[in-house]
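Below: the structure, in structure tokens.
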There are 2 protein chains.
Amino acid sequence: MYFFVRTLSRALSLTTMIIAAHGHYTTVPAGLRVFRALQISQMGKPVRSALTISDDEIRASLERGQIRLLNERGTDVMLFSPMASAMGHHFGNALISRHWTEVNNELIRRVCALYPDRFIGVCALPQSPGGSPRESVEELNRCVNEFGFVGCNMNPDPSGGFWTDPPLGSEWWYPLYEALESLDVPAMIHASATCNPAFHTTGSHYLNTDATAFLQLMDSRVFDDFPRLRFVMPHGGGNVPYQSARYRALAIMNKWEPFETFVKRFYFDTTVYSPDAMDMLVKVVGVDNIIFASEMLGGVNAVDPQTGRSFDDNKPCLDAIPWLAEGDRKKIFEENVKKAYPRVGPILERRVKVADAGV
Amino acid sequence: MYFFVRTLSRALSLTTMIIAAHGHYTTVPAGLRVFRALQISQMGKPVRSALTISDDEIRASLERGQIRLLNERGTDVMLFSPMASAMGHHFGNALISRHWTEVNNELIRRVCALYPDRFIGVCALPQSPGGSPRESVEELNRCVNEFGFVGCNMNPDPSGGFWTDPPLGSEWWYPLYEALESLDVPAMIHASATCNPAFHTTGSHYLNTDATAFLQLMDSRVFDDFPRLRFVMPHGGGNVPYQSARYRALAIMNKWEPFETFVKRFYFDTTVYSPDAMDMLVKVVGVDNIIFASEMLGGVNAVDPQTGRSFDDNKPCLDAIPWLAEGDRKKIFEENVKKAYPRVGPILERRVKVADAGV
């Protein structure tokens with residue numbers, strides 16, 4: 001009821017809808033871990049074992065976790081994808097990765113069916129080190145066309161920290177880019193776990209991956225060849241806003257597209273957790289290319305002793321920026337995500353119609 | 001004469017001395033490149049071929065480059081080390097790397113002998129993938145004890161972007177840490193070139209390396225075991241100030257030393273090139289742990305169209321911070337570098353005595 005009233009009033013533009021664009025199903029029922037554990041003992045001959053998770057288990061896993069926090073923090077809808085670190089594309093081989101990705105995406109589909117008002121699906125891709133991105137197209141199509149998902153997460157380093165695949169500027173990736181353009185869905189550039197002890201998964205590996213991908217694309221013809229391609233950059237862009245002057249200089253020195261226009265090829269999410277970082281992020285990237293997200297429950301699952309709030313309860317960092325106009329806030333919380341993920345708007349409108357008919 | 005008057009007045013604390021803590025000999029005479037080129041054809045049986053560079057060639061290479069800019073920008077002294085990217089520790093084998101490192105360090109020694117008032121030496125280490133850091137100790141000792149150098153650059157990834165060596169928290173690195181503590185010199189954590197096409201050397205690879213090393217040390221006992229060890233973090237710390245809330249959260253979640261005290265184990269240089277980034281850097285790290293540097297001539301060799309100044313002419317970014325007191329500025333430009341590199345102070349004092357005697 002709470003949500004119904006909000007959805008209706010927000011759809012009528014009475015208030016801004018709050019959409020969080022980056023959430024992973026980190027609270028999965030144990031049945032999914034059982035599936036994964038069995039993959040190890042079946043590495044020699046990969047099979048798709050049965051996944052035994054009841055709807056009640058799914059409900060319990062979310063109502064204690066993400067849904068409780070969405071309600072507490074006043075977030076209406078979350079774009080929801082499989083666990084990022086647990087995708088572990090480095091593990092096993094392409095078939096193992098395919099089975100694992102499929103069950104994860106199917107579980108997200110069930111979540112979205114159980115809570116159609118709160119979650120919109122984003123899929124993982126069945127990537128594997130050395131495997132062509134072409135082999136992810138079928139699963140992307142299935143998730144978008146059959147499951148109603150609105151985008152995908154794309155890992156630029158399936159090796160998990162050894163960076164053995166071609167950079168994102170290589171034509172190696174083009175079959176996937178063609179599919180993304182053709183479906184009109186974006187890819188969030190998101191690492192999975194590292195199996196290289198040099199890195200920390202949610203610390204250096206995630207953030208390095210963001211910056212690495214950004215520079216791979218700067219040093220490429222990708223946006224010449226795919227002018228309608230859109231990427232979402234998580235974690236506030238790793239180091240991009242802070243090091244923007246270095247990127248600006250590199251663009252000049254290398255005769256790349258100027259940083260100021262290149263950065264608009266991306267939508268940056270707001271998963272940084274201090275007011276100063278948020279201010280810098282919005283300033284450097286610009287209000288038209290920022291989409292709200294908290295990555296809840298994600299990498300920073302702790303209470304900030306300085307504020308008494310959870311680190312990932314980061315909407316107050318945006319609320320605190322004094323120079324944002326009301327229209328800017330509506331862009332960040334609602335409108336930009338509909339531009340980045342064009343399939344989001346029609347889904348929300350359909351829901352409002354259903355709710356309306358129910359009145 | 002210009003320099004003599006400045007040195008004297010600054011040593012008498014009449015003004016603040018401006019010391020730039022991070023400069024590489026990027027303008028080397030061609031003779032050094034000849035040496036390097038010959039190493040390729042002699043890979044099977046590494047030899048130390050003769051290095052033919054005259055003093056006049058050294059003078060020309062510097063007076064057109066670094067010295068001209070030091071004068072133009074009012075910088076008194078620069079800590080000067082071999083080219084970072086050109087060290088290429090990934091290339092060849094340990095003996096090739098040793099020969100190359102030795103000639104580079106010897107060239108820096110000649111620079112410091114020719115311009116004792118302007119340059120203070122910092123050495124490269126003869127690292128090689130899989131080679132024990134113990135094998136760098138002899139060259140470190142030679143450079144500090146025989147050449148009068150004040151510190152070293154240390155590459156946490158000699159593989160050049162494949163990250164195949166143990167992380168900095170591993171005891172693998174301890175023999176080098178022992179030598180650093182015993183000599184009371186710091187190591188600047190600095191990558192060399194990448195041979196992995198996933199990365200851009202002065203873009204993603206340098207910045208990722210800073211963040212990676214910071215997290216490797218957070219997740220370690222290194223400062224328990226070496227409480228007097230000091231590291232210098234270049235490039236404004238990669239992403240550390242911008243992502244400080246994530247690091248704070250990770251420290252809490254993992255029961256590591258709190259970020260707020262851990263960050264004080266490092267001296268961060270100021271090689272960021274925008275006023276906003278500089279402000280964030282000084283605020284997050286604190287004025288006692290910031291040392292001025294421009295990395296001139298380095299990775300950002302271009303004019304900023306927004307200011308008309310070279311990007312790496314970054315002292316104005318510090319000058320623009322309104323909340324820095326005069327004493328804070330003296331720390332950043334002069335005093336902190338003497339704490340980070342304790343051998344710098346005595347070298348400058350000796351020079352003043354010599355100058356004084358000359359009056």
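So you know, we letter chains A, B, ... as the sequences are listed, proteins then strands, and number each from 1. If you're wondering where the values come from, they're calculated on a predicted model, not measured in any experiment. Values reported hereafter were calculated over all heavy atoms of this structure, with side chains retained and with hydrogens, waters and symmetry mates removed.
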Notebook entry, point to check: Are side-chain heavy atoms of A:Val287 and A:Val282 found at a separation under 4.5 Å?
Noted result: yes
Next item on the list: Can you see which heavy atom on A:Met83 is nearest to which on A:Ala86, and at what distance?
Entry: CE-CB, 3.5 Å
Next item on the list: Find out whether A:Phe266 and A:Leu217 are in side-chain contact, i.e. whether some heavy atom of one side chain is under 4.5 Å from a heavy atom of the other.
Entry: yes
Next item on the list: Among the options B:Val284, B:Val303, B:Leu250, pick out the one with the most heavy-atom pairs lying under 4.5 Å from chain A.
Entry: B:Leu250
Item checked: Closest approach of B:Pro129 to B:Pro158 (non-hydrogen atoms, all atoms of both residues) -> CG-O, 3.5 Å
Note to self: Set out, in order, the CA-CA distance, both residues' side-chain angles and the distance that settles ring pair (Phe, Tyr, Trp, His ring centres under 6.0 Å) for A:Phe214 and A:Phe231, then state yes or no.
What the structure shows: CA-CA 10 Å; A:Phe214 189 81; A:Phe231 290 112; over 10 Å; no
Next item on the list: Select, from A:Ala302, A:Pro197, A:Gly203, A:Pro241, the one with the greatest count of heavy-atom pairs under 4.5 Å involving chain B.
Entry: A:Pro241
Item checked: Check against side-chain contact (heavy atoms from CB on, under 4.5 Å), B:Ile332 and B:Ile291 -> CA-CA 5 Å; B:Ile332 292 171; B:Ile291 56 181; over 6 Å; no
Note to self: Report which part of B:Leu168 has an atom under 4.5 Å of a heavy atom belonging to chain A: side chain, backbone, both, or neither.
What the structure shows: neither
Next item on the list: For B:Ala293 and B:Ala21, work out which heavy atoms get closest and say how close.
Entry: CB-N, 3.8 Å
Note to self: Can you give me the closest heavy-atom contact between A:Pro133 and A:Leu176, atom names plus distance?
What the structure shows: CB-CB, 3.9 Å
Short of 3.5 Å, which donor-acceptor contacts do chain B and chain A share? List atoms and distances.
from	atom 1	to	atom 2	distance (Å)
B:Trp163	O	A:Asn196	ND2	3.1
B:Asn196	ND2	A:Trp163	O	3.1
B:Ala198	O	A:Gln216	NE2	2.9
B:Thr202	O	A:Arg246	NH1	2.6
B:Asn208	ND2	A:Thr212	OG1	2.8
B:Thr212	OG1	A:Asn208	ND2	2.8
B:Gln216	NE2	A:Ala198	O	2.9
B:His235	O	A:Gln243	NE2	3.0
B:Gly236	O	A:Tyr242	OH	2.8
B:Gly238	O	A:Gln243	NE2	2.8
B:Tyr242	OH	A:Gly236	O	2.8
B:Gln243	NE2	A:His235	O	3.0
B:Gln243	NE2	A:Gly238	O	2.9
B:Arg246	NH1	A:Thr202	O	2.6
B:Arg246	NH2	A:Glu295	OE1	3.3
B:Arg248	NH1	A:Asp304	OD2	3.3
B:Arg248	NH2	A:Asp304	OD1	2.3
B:Arg248	NH2	A:Asp304	OD2	3.3
B:Glu295	OE1	A:Arg246	NH2	3.3
B:Asp304	OD1	A:Arg248	NH2	2.3
B:Asp304	OD2	A:Arg248	NH1	3.3
B:Asp304	OD2	A:Arg248	NH2	3.3

Item checked: Part of A:Phe311 lying under 4.5 Å from any heavy atom of chain B -> side chain
